[in-house]
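To keep things clear, I will list the structure first and then write my remarks on it.
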Amino acid sequence: MLSITLKDGSVRKVEEGTTILQLATTISAGLARVAIAGKVDDEVKDLTYPLEKDAQIEILTMDSEEGLEVMRHSAAHLLALAVQNLYPGTSFGIGPSITNGFYYDFDTEHAFTPEDLEKIENEMRRIAKENLCFERAELTRDEALDYFNNKNEKYKVELINDLPGEARISTYTLGGKFIDLCAGPHIPSTKLLKAFKLQSVAGAYWRGSEKNKMLQRIYGLAFAKASDLENYLYKLEEAKRRDHRKLGQELDLFSLHDEGPGFPFFHPKGMILRNALEDFWRKEHQKRGYVEIKTPIILNRALWEQSGHWDHYQENMYYTKIDDQDFSVKPMNCPGGMIMYKTKLRSYRDLPIRCGELGLVHRHELSGALHGLLRVRNFTQDDAHIFMLPSQIKEEIIGVIELVDYFYKIFGFKYKVELSTRPENSMGSDKDWQTATDALKDALDTKGIEYKINPGDGAFYGPKIDFHLQDCLDRTWQCGTIQLDFQMPEKFDLTYIGEDGEKHRPVMIHRVVYGSIERFIALLTEHYAGAFPTWLAPVQVRILPISDKHAEYAQKVEEILKEQDIRVEIDDRREKINYKIREVQTEKIPFALVVGDKEAEQGTVAVRRYGQQNTNTMSLNEFEELINNEIKSKKTGLEDN
RNA sequence: GCCGUUAUAGCUCAGUAGGUAGAGCGUAUCCUUGGUAAGGAUAAGGUCACCGGUUCAAUCCCGGUUAACGGCUCCA
């Protein structure tokens, strides 16, 4: 008899060889009906898995993330079977579960169209109803190779060849005919697949490498029940409403044109946002002992050779010639910062030097990668280079971490932290890289910050801490970053005079907080769904006179507010108040002030906030106080933020 | 860069099974002076993305280019 410990801590005795499903049945018939798989000592197994030894077991249902994963992965097999039925001769790649669904990669001459997806989805539904079971089989490597070689499944053969020697090779048969290489586990039967929908087709390189053939990837959504799927589809629709590309156009913030792909045009209202962000940035950096510089956008080839960009960053740079000499448009601000450092002799007493620069950089991104303001070809980095003594490293990194946290909290952003280590095409010694990486880790650990390690994702000159923010579709974008660099100071022979009167090498940090002003604006737009907090709102107040008679009073109110640097305008068109209210709402202006006879007589304003139905009549003084406090606090004024 | 889709008025979109186009919103002008999400009328606005081919005739069919969109790769 085996002792099985269940999730609630109770222990059951069962015969050896009892399957997980049988175990579930002994717990309750209801549980057995909705069981998807079982977790045996932290390993997820099929329900048909026979228990061999004492273990902790949890029966997984679609209520858990793990159960959903098993179901989504099983849905991928269903998709593969449907494609095999409809398009014989297709070769199969891989078909994992992903957040909210699954995908499967196919290799076929036929190019899948959106109409095909409908056909395939119908076939999936037809098969699902057949109540097919997933049957597991274990094969030797030779058997598996034979089988998939015969079927001309070259991708599966490649996968098998790459499996480690001791690996158990398993296949699953679905409905007796479709056999797929797979470690499992799967749901017991296709009838559990109900709430799914094919989403899109996209190209995807085999094994994610652009050196390999591009396969066709079909994405699908899958949920435990239909209402979950509907909710998710609704959420997607909502997300589209928040999309910064849509809102950017509607709110007249920026535009992109054929004449400059990836080079955004900022409109007057977008510039107000930018300037507000930059003003705030300057103020906070001055407080923290930063100075600000501006370095040129075009610098000569020799500089980029010295910095290593010519060797390590060439395909991302733009080039030009001036009087027959090679020049390059800067993709990063650091070399300019190096030159600045060297303009005079530095003492250890001068360090740390925190040198900020709102620098416009240009990078040649692949055309297919461009995406609104989130991925562009020129952007302004809120950069700074901190030159310091080796003994100051930790303190300075912590200072930047705290600064980033301070900024993101103001905007109400949640963020994720990643630590990226040495990439392949990089410069410097392993020892320096190790020291730098350890310093970053140490700072993170000291602050007690959770982080994920991204192996090989560092800059070519040093490891980095990245801060990632989420867009409205849950994709994450790198914004802040802290990069520790021993290479540039070396390459540029930076020195300071130490206490001993000798020359020493300073250490350098590259860091950004917003990352790119453009990207940050995109994320802010989505985060606030275009309803910017008052301190950022391009127009903060719009005065709505009831009729021409009130124009004079409206102008008086406007003047008073303008004197306090409040961004205010009057809608004096001969339209009805309803119409003006509607417009002020669609433009997401934080405050509408309705002024008519009553207000003009009493020296008041009828205040209607964005997103609220009610009006508060108050004296102009009271309103000034309200809005000034709100601007100062940087709050949104909306309850849900 | 690669795979797929798309491109018609300032915006959102319809349309012509090949005979040079239409709606709503917006804009302008006029009427309406109206109290919290759309008052009415009239008008202006398009080389149907660009280049080429087929055709008596191309916005529509074919080829190419460019850009956008969804992914892959890459990255702030």
Side-chain angles (χ1 to χ4, degrees), chain A residues 103 105 111-117 199-219 243 245-246 249-250 252 255-262 313 315-316 331-333 359 361 363-383 420 457 459 464 466-469 473 475 477-481 483 510-520 522-523 544-551 574-586 592-599 606-608 611-615 617:
Chain A
Y103 69 77
D105 287 344
F112 294 123
T113 63
E115 293 77 53
D116 293 338
L117 287 193
Q199 211 178 5
S200 57
V201 210
Y205 298 109
W206 167 239
R207 301 194 131 184
S209 166
E210 57 187 329
K211 292 183 188 94
N212 291 337
K213 182 167 182 187
M214 181 158 273
L215 309 180
Q216 294 186 67
R217 175 172 299 177
I218 298 182
Y219 282 95
D243 194 309
R245 292 168 298 186
K246 187 173 152 66
Q249 185 190 62
E250 285 172 2
D252 202 11
S255 56
L256 285 154
H257 304 271
D258 288 7
E259 291 81 353
Y313 211 71
E315 67 281 14
N316 282 298
M332 296 187 195
N333 301 304
V361 297
R363 297 184 184 176
H364 181 232
E365 297 295 336
L366 294 178
S367 58
L370 302 179
H371 185 98
L373 288 185
L374 283 168
R375 181 65 131 286
V376 290
R377 282 180 172 157
N378 78 356
F379 56 99
T380 302
Q381 288 186 309
D382 61 319
D383 215 341
S420 297
D457 232 17
K464 53 180 188 167
D466 294 330
F467 298 84
H468 291 253
L469 299 179
L473 292 169
R475 294 174 292 208
W477 299 85
Q478 185 185 317
C479 289
T481 175
Q483 310 178 347
H510 312 240
R511 47 108 283 182
V512 288
V513 180
Y514 293 135
S516 123
I517 307 270
E518 289 75 4
R519 177 176 287 184
F520 204 79
L523 292 166
L544 313 180
I546 299 281
S547 80
D548 289 356
K549 285 185 294 186
H550 313 108
R574 294 172 66 175
E575 294 288 351
K576 290 200 170 140
I577 199 68
N578 280 339
Y579 186 87
K580 295 182 184 180
I581 291 275
R582 182 186 139 79
E583 210 151 85
V584 88
Q585 293 296 318
T586 44
L593 303 185
V594 178
V595 294
D597 286 336
K598 227 167 41 189
E599 289 77 14
V607 180
R608 180 168 166 151
Q612 289 180 9
Q613 312 287 319
N614 59 318
T615 313
T617 300

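Labels below follow one simple rule: chain letters A, B, ... track the order of the sequence lines, proteins then strands, and each chain is numbered from 1.
Nearest heavy atoms, A/Asn333 versus A/Gln381: ND2-OE1, 3.4 Å. Between A/Asn212 and A/Tyr205, the closest heavy-atom pair is O-CD2, 3.5 Å. What you find for A/Ser255 and A/His257 is that their closest heavy atoms are OG-NE2, 2.7 Å. Closest of all the heavy-atom pairs between A/Cys479 and A/Leu469 is SG-CD1, 3.7 Å. Summarising the geometry of A/Lys580 relative to A/Glu575, their closest heavy-atom pair is CE-O, 3.5 Å, with the distance given to 0.1 Å. The two residues A/Thr380 and A/Glu518 make their nearest non-hydrogen contact at N-OE1, 2.8 Å.
Nearer to the 5' terminus of RNA chain B, by closest-nucleotide assignment, is the contact made by A/Leu215 (compared with the other of A/Leu215 and A/Asn578). Mapped onto RNA chain B by nearest heavy atom, A/Gly368 and A/Val607 fall at different nucleotides, with A/Gly368 at the one closer to the 5' end.
Among the heavy atoms of the strands lying under 4.0 Å from A/Arg519 is at least one base atom, whether or not backbone atoms are also near. Nucleic acid contact for A/Gln199: none, since no nucleic acid atom lies under 4.0 Å from a heavy atom of the residue. Residue-level contact check: A/Arg475 touches the backbone only, with heavy atoms under 4.0 Å from sugar-phosphate atoms and none from bases. Across all strands shown, A/Lys598 has heavy atoms under 4.0 Å from base atoms, whether or not it also approaches the sugar-phosphate. The residue A/Ile577 sits close only to the backbone: its heavy atoms come under 4.0 Å of sugar-phosphate atoms, none of a base. A/Leu370 comes within contact range of the sugar-phosphate backbone alone, with a heavy-atom separation under 4.0 Å but no base atom that close. Among the protein residues, A/Ala204 comes within range of the sugar-phosphate backbone only, with heavy atoms under 4.0 Å from sugar or phosphate atoms but none that close to a base. Nucleic acid contact for A/Gly480: none, since no nucleic acid atom lies under 4.0 Å from a heavy atom of the residue. When heavy atoms are screened at a 4.0 angstrom cut-off, A/Gln585 is found touching base atoms of the nucleic acid. The residue A/Val512 sits apart from the nucleic acid: no heavy atom pair falls under 4.0 Å. Nucleic acid contact for A/Ala606: base, since at least one base atom lies under 4.0 Å from a heavy atom of the residue. A/Lys211 comes within 4.0 angstrom of no nucleic acid atom, judged by non-hydrogen atoms across all strands. Note on A/Glu315: nothing from the nucleic acid sits closer than 4.0 angstrom, heavy atoms only. The residue A/Val376 sits close to a base: some heavy atom pair falls under 4.0 Å.
For RNA chain B, the span of nucleotides reached by chain A at under 4.0 Å from its heavy atoms goes, 5' to 3', from B/G1 to B/A76.
Taking CG of A/Leu544 as the reference point, atom CD1 of A/Ile577 lies at 5.0 Å (rounded to 0.5 Å).
Nucleotide B/G4 carries an anti base; the chi torsion (O4'-C1'-N9-C4 or O4'-C1'-N1-C2) is more than 90° from 0.
Listed for the A/Arg519 side chain is no donor-acceptor partner under 3.5 Å among the backbone atoms of A/Leu523. Counting only distance, with no hydrogens or angles, the side chain of A/Arg608 and the backbone of A/Ala592 share no donor-acceptor pair below 3.5 Å. A/Gln585 places no side-chain N or O within 3.5 Å of a backbone atom of A/Arg582 that could act as its donor or acceptor partner.
Using C1' as the reference atom, B/G4 and B/U73 are 16 Å apart when rounded to the nearest Å. To the nearest whole angstrom, the two P atoms, one in B/U12 and one in B/C69, are 13 Å apart. Here, B/A23 and B/G70 have their P atoms 31 Å apart, quoted to the whole Å. Rounded to whole Å, the separation between the P atoms of B/G26 and B/A41 comes to 13 Å. Rounded to the nearest Å, the gap between the P atom of B/U8 and that of B/C48 is 12 Å. When the P atom is used for both B/C13 and B/G18, the distance is 25 Å, rounded to whole Å. B/G34 and B/G40 have their C1' atoms separated by 13 Å, given to the nearest Å. Comparing the C1' positions of B/A76 and B/G15 gives an interatomic distance of 44 Å, to the nearest angstrom.
Here the rule is side chain to side chain contact (heavy atoms under 4.5 Å, CB included) with A/Ser420, and of A/Lys464, A/Gln478, A/Gln483 only A/Lys464 fits it.
Stems are defined here as 3 or more consecutive Watson-Crick or G-U wobble pairs with pairing distances under 3.5 Å; those involving RNA chain B are B:1-7 with B:66-72, B:10-13 with B:22-25, B:27-31 with B:39-43, B:49-53 with B:61-65.
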